[in-house]
Amino acid sequence: MTPEFAPSDAPTLPLWLIWSGDDLPPEAGDWPAATGFAARAGQICLLPDADGGLRGALMGLGDPARADRERFQIARAHALPKGDWHLANAPAGLDADALALGWLLGQYGFTRYAGTPKDGPRLRCPEGADAERAIAIATGEFLTRDLINTPACDMGPAQLEQAARDLATRIGARIEVTTGQALLDGNLPLIHAVGRAAEAAPRLIDIRIGDDGPMLTVVGKGVCFDTGGLNLKPGASMGLMKKDMGGAATALGLLSMLADTGALRGIRLRVLIPAVENNVAGNSFRPGDILTSRKGLTVEVNNTDAEGRLVLADAMALAAEEGPDLMISLATLTGAARVALGPDVPPFYCDDDATAQAIQSAGIEAGDPVWRMPFWAPYDSMIEPGIADLDNAPSGGMAGSITAALFLRRFAQGATRYAHFDIYGWQPSAMPGRPKGGVGQASRAILAALPRIVG
């Protein structure tokens, strides 16, 4: 699916966006009152002309006090009749770029297995908005959503690799993939250990673009399905595990956005994706195993269902050897993050105050909120079991997102700055511009913050 606006020269009908309590446009006449239009969120009033056709429409935005939480309300206007429209007003609290992106995000639908692509209304890009940038951002987000929504039978490590290759070809990036036994030969033992029990061989996808300037490295968790391994998840917990590669999907969506918006000029970007399935077989890694990482740190496996931090560890250690100016990890990592902040607001961790403040403020501006949490050093002892350097799953259940972040930070040493995002990658119920299903998180925040954090 390709996001699009109505052509600028197409004949269009006017659409007014109305907050409750606002005056209605004189052009609407008495018809809205006669039909009970009250500007409730998503309420549409079609304005008939004298010949029984349409001369425009009103759409309600609801309570203006909710403007800060209804940034992409315009997506509800996809309920309009098919045809081309233009915005006839500039509603308070919603800037042109937010309106443009909100409209495009509302076009998304996942129809690979059922249904047909939407063929609904089109909107002319709102005046003052950057149409090319909005399309670039929506295109990256659509890629992320498609990858997460595709079940593991069609989105295993090999298919995720192909998606990465397709994107690399489109944007002119270089790509290398290390697979199976070559992971051991290349000293990437944790990625191999987690993925070796699956029919599809584990692999590390390595994408580079740009030759000059400061270096940004993004590492995305690509666990294409997570059974939990020998610490098998119950069925109810396994149901959404096709989304456990949400970090990888978001990293690829971010790469698409960065390339298509021109944000990569003067930057070297590297994207690393350890792509595995955490499956069960006679050669599965086991609780109690002690694994030696690429960095040389030993890890006691106390739960095979805490596999994401293991595959990230090797990829991050490899990345850190190059000394990037900023390393970012994106991962659907812990249930503790969801308990703390729910599905909509991913926590992130960063020791550099200026970088953290830039990311958090950019996330609010972009309608992609993230919330800073601490690398709380006193909890380091919780991931140090004594029998090995590190514990992949500390007992007790407390501070689970923080201890996971502390674990990962051990493998980021060498990067000038490091930020970790513990994302959910899933929209539990439909919201404007965000249908139920896979969703990118933190990518638009990083894109918006990039000029302030790299360069």
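- Within a 6.0 Å radius of CZ in R174, other residues, nucleotides and ligands contribute more than 12 heavy atoms.
- Nearest approach of M327 to A319, heavy atoms of both residues: CE-CB, 3.7 Å.
- Geometrically, R372 does not engage Y349 in a cation-pi contact, judged by NZ or CZ lying under 6.0 Å from the ring centre and within 45° of the ring axis.
- For the pair R410 and I383, the minimum side-chain heavy-atom distance is below 4.5 Å.
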(request) Determine, stepwise, if the pair L94 / I74 fulfils side chain to side chain contact (heavy atoms under 4.5 Å, CB included). (result) CA-CA 9 Å; L94 298 176; I74 191 174; over 6 Å; no
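- No more than 12 heavy-atom neighbours from other residues, nucleotides or ligands sit within 6.0 angstrom of CG on D30.
- Residues G106 and A75 share a closest heavy-atom pair of CA-CB, 3.8 Å.
- When each of D351, D352, T355 is checked for a side-chain hydrogen bond (donor to acceptor under 3.5 Å, both in side chains) with R417, only T355 meets the rule.
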(request) Given side-chain hydrogen bond (donor to acceptor under 3.5 Å, both in side chains), test D353 with Q357 step by step and report yes or no. (result) CA-CA 6 Å; D353 289 342; Q357 289 165 10; 5.2 Å; no
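- A salt bridge does not link R268 to E322: none of the charged side-chain nitrogens sits closer than 4.0 Å to a carboxylate oxygen.
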Taking only distance into account, with no hydrogens and no angle test, what donor-acceptor pairs under 3.5 Å do side-chain atoms of residues 31-50 form with protein atoms, sequence neighbours excluded?
unit_1, atom_1, unit_2, atom_2, d
W31, NE1, L46, O, 3.0
T35, OG1, W31, O, 3.1
T35, OG1, P32, O, 3.1
Q43, OE1, A38, N, 3.0
Q43, OE1, A39, N, 3.2
Q43, OE1, R40, N, 3.2
Q43, NE2, G36, O, 3.2
D49, OD1, D51, N, 3.0
D49, OD1, G52, N, 3.0
D49, OD1, G53, N, 2.6

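- Between the side chain of S443 and the main chain of L254, no donor-acceptor pair closer than 3.5 Å is present.
- For the pairing with K233, the side-chain hydrogen bond (donor to acceptor under 3.5 Å, both in side chains) check across T227, D305, N278 returns one residue only, D305.
- For the pair C153 and Q159, the tightest heavy-atom approach, listed with the atom from each and the gap, is O-NE2, 4.0 Å.
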(request) Go through the steps to decide whether E4 and I135 satisfy the test side chain to side chain contact (heavy atoms under 4.5 Å, CB included), and finish with yes or no. (result) CA-CA 7 Å; E4 64 174 354; I135 289 172; 5.8 Å; no
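- Looking at L105 and R145, their side chains come closer than 4.5 Å, going by heavy atoms from C-beta outward.
- Ring geometry for Y418 versus H420: interplanar angle under 30°, hence parallel rather than tilted (30 to 60°).
- Of all the heavy atoms in A315 and L272, the pair that sits closest is O-CD1, 3.5 Å.
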(message) Applying salt bridge (Lys or Arg N to Asp or Glu O under 4.0 Å) to D97 and R133, what does each step give before you reach the verdict?
(response) CA-CA 9 Å; D97 285 319; R133 181 177 176 84; over 6 Å; no
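- Contact check for P157 versus P202: no side-chain heavy atoms found under the 4.5 Å cut-off.
- Using a 4.5 Å cut-off on side-chain heavy atoms (C-beta onward), L341 and P346 make no contact.
- Taking every heavy atom of both residues into account, T416 and D325 meet most closely at CB-O, 3.3 Å.
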(request) Give the intermediate values and the outcome of side chain to side chain contact (heavy atoms under 4.5 Å, CB included) for residues M155 and F225. (result) CA-CA 9 Å; M155 191 50 63; F225 194 82; over 6 Å; no
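- Tested against L333 for a side chain to side chain contact (heavy atoms under 4.5 Å, CB included), the candidates V223, L408, D244 yield a single pass: L408.
- Side-chain atoms of T144 come within 3.5 Å of backbone atoms of A249 as a donor-acceptor pair (strictly under, hydrogens ignored).
- In summary, D314 and R294 do not engage in a salt bridge, as defined by a charged side-chain N under 4.0 Å from a carboxylate O.
- The minimum heavy-atom distance between G440 and E141, with the atom names listed, is N-OE2, 2.9 Å.
- A salt bridge links D260 and R170; the closest N-O separation between the charged side-chain nitrogens and carboxylate oxygens is under 4.0 Å.
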(request) Test salt bridge (Lys or Arg N to Asp or Glu O under 4.0 Å) on R338 and D422 and set out the steps. (result) CA-CA 9 Å; R338 310 289 77 77; D422 192 341; 3.8 Å; yes
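- For the pair Q441 (side chain) and Y424 (backbone), a donor-acceptor distance under 3.5 Å is present.
- In this structure, R270 does not pair ionically with E176, as no charged nitrogen and carboxylate oxygen lie closer than 4.0 Å.
- No salt bridge links D226 with K221; every basic N to acidic carboxylate O contact stays at or beyond 4.0 Å.
- Side-chain contact between L87 and W16 is absent, with no heavy-atom pair separated by less than 4.5 Å.
- Atom CD of E321 has more than 12 neighbouring heavy atoms from other residues, nucleotides or ligands inside a 6.0 Å radius.
- The ring of Y379 has its center no closer than 6.0 angstrom to the ring center of F375.
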